[in-house]
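Single-structure report; data block below.
Numbered from 1 within each chain, the chains take letters A, B, ... in sequence-line order. Given the structure is predicted, the values throughout are model-derived calculations rather than measurements.
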Number of protein chains: 2
Amino acid sequence: MQNTLDKTRRDELIDAASHLFRSQGYERTTVRDLAQAVGMQSGSLFYHFKNKAEILEAVMAKGVADITAVAEFALEGVTEPKEKLRRLVTGHLTALLGSSQHALEVLLYEWHSLSTEARDRIVQLRDRYETLWQQVLDEAATAGLVHPDTTFLRKMIFGSLNWTVQWYRPDGSMSIEEMGDRMLNLILRG
Amino acid sequence: MQNTLDKTRRDELIDAASHLFRSQGYERTTVRDLAQAVGMQSGSLFYHFKNKAEILEAVMAKGVADITAVAEFALEGVTEPKEKLRRLVTGHLTALLGSSQHALEVLLYEWHSLSTEARDRIVQLRDRYETLWQQVLDEAATAGLVHPDTTFLRKMIFGSLNWTVQWYRPDGSMSIEEMGDRMLNLILRG
DNA sequence: CCTACCGATCGGTAGG
DNA sequence: CCTACCGATCGGTAGG
């Protein structure tokens, strides 16, 4: 029971931290900002987290976990390589520009604020997600749908996907699904 | 004469700041770190710059100016659309991963530390560079070399290019030129 | 989770 | 460009 309550409060903190770290940056956000955002005293933060760095790691870990879950769910029951790829693209964009936007932007832009140990742990989580992509791209290459150098291709795709946070505006004329389809068009051969 | 000396010292500071802001982040870098890097007292920094934020802006402005100069030089005398595109790609990678690496990474990753006024000024500089690309891509599209939606394509390309800082290692087996050619291969139609 | 607090450090300034 | 310094703020802790 107490564990459940702890978890909720912890999640609230991670959520608030995602927002603050993303809009002001990690270093610029003070523990006082964060405490105020969830309505507690700054000293009380350290009942939930050992230190400020641990909060950053938790935000990033949540970001990777979220986008991985989205991808796994999107692939469920799908067998056609092209459709798998389409769903991975759309899923990535949906998480990045919608549901897990803040945590994922923190993941992308606060890398240098992580300790090397924390970095290793996040890399491990990220690798699982990248493996998912690699497998789908390999299938697609076997089917002749994409360029055979899938490792290189994957890096190019990741770059394009992640860059969307720099320019995509949800209130514009292009929906996330439409953007995904356009990207897929550029990725597919011929 | 004094102006020349001032400029040199200023440039030294911008160089040192590029390195420090990139490796530690802007907020984490103190004016004392920076002063020590060029061998002066921390208070003396403010003889050269009004405040810390002005140094960040100077670093970023130098980054954009550098990469624009590289692009303009690379295009000089070239008339064939495909070759123009190849040179833009290679030029971008050369600046980003080599000659102006630090300043450009700061430009990519410290965006949220800029004031809105400084942001506007940097955007203006960046627009000039993007226009260069847009024109070359439009020529290439007219020649049927690339997908006709060049605005979208340009954003995808920028993403792929800028993402290379996350994974490219100069001591690996792939040279920058080779990487450029591979990217061009994915960009070109057919 | 709060109260009360501390040591350290930060960006920046005045006066030369 | 240096010396000497300040007010503000920071992450974190002890004790409850």
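Comparing atom distances between the V31(A) side chain and each of dC10(C), dC2(D), dG11(D) picks out dG11(D) as nearest. Side-chain proximity of R32(A) to dT3(C), dG11(D), dC1(C): nearest is dG11(D). In this structure, the nucleotide among dC1(D), dC10(C), dC10(D) sitting nearest to the side chain of R9(B) is dC1(D). Closest contact between the side chain of T30(B) and the listed nucleotides dC2(C), dG11(C), dG11(D) involves dG11(C).
In H19(B), the NE2 atom is not crowded: 12 or fewer heavy atoms of neighbouring residues, nucleotides or ligands sit closer than 6.0 Å.
Using the Watson-Crick or G-U wobble rule with both distances under 3.5 Å, dG12(D) pairs with dC5(C).
Regarding Q41(B), its CD atom lies at a distance of 15 Å from the P atom of dG11(C), rounded to whole Å. Atom CZ of R28(A) is separated from atom P of dC10(C) by 15 Å (rounded to the nearest Å). Rounded to an integer number of Å, the gap from NZ of K52(B) to C1' of dT13(C) is 17 Å. As rounded to whole Å, 15 Å separates atom P of dT13(D) from atom CZ of F49(A). If you measure from atom CZ of F46(B) to atom C1' of dG11(C), you get 5 Å, rounded to the nearest angstrom. Rounded to an integer number of Å, the gap from CD of E54(B) to C1' of dG11(C) is 14 Å. One atom, CG of N51(A), and another, C1' of dG12(D), lie 9 Å apart when rounded to the nearest Å. Summarising the geometry, the separation between OH on Y47(A) and P on dG15(D) is reported as 19 Å, rounded to the nearest angstrom.
W133(A) has its ring centre less than 6.0 Å from the ring centre of F158(A).
Rounding to the nearest 0.5 angstrom, the gap separating the CG atom in L186(B) from the CG atom in D149(A) is 8.0 Å.
Checking T90(A) against E177(A) by side-chain atom types alone, no donor-acceptor pair falls below 3.5 Å.
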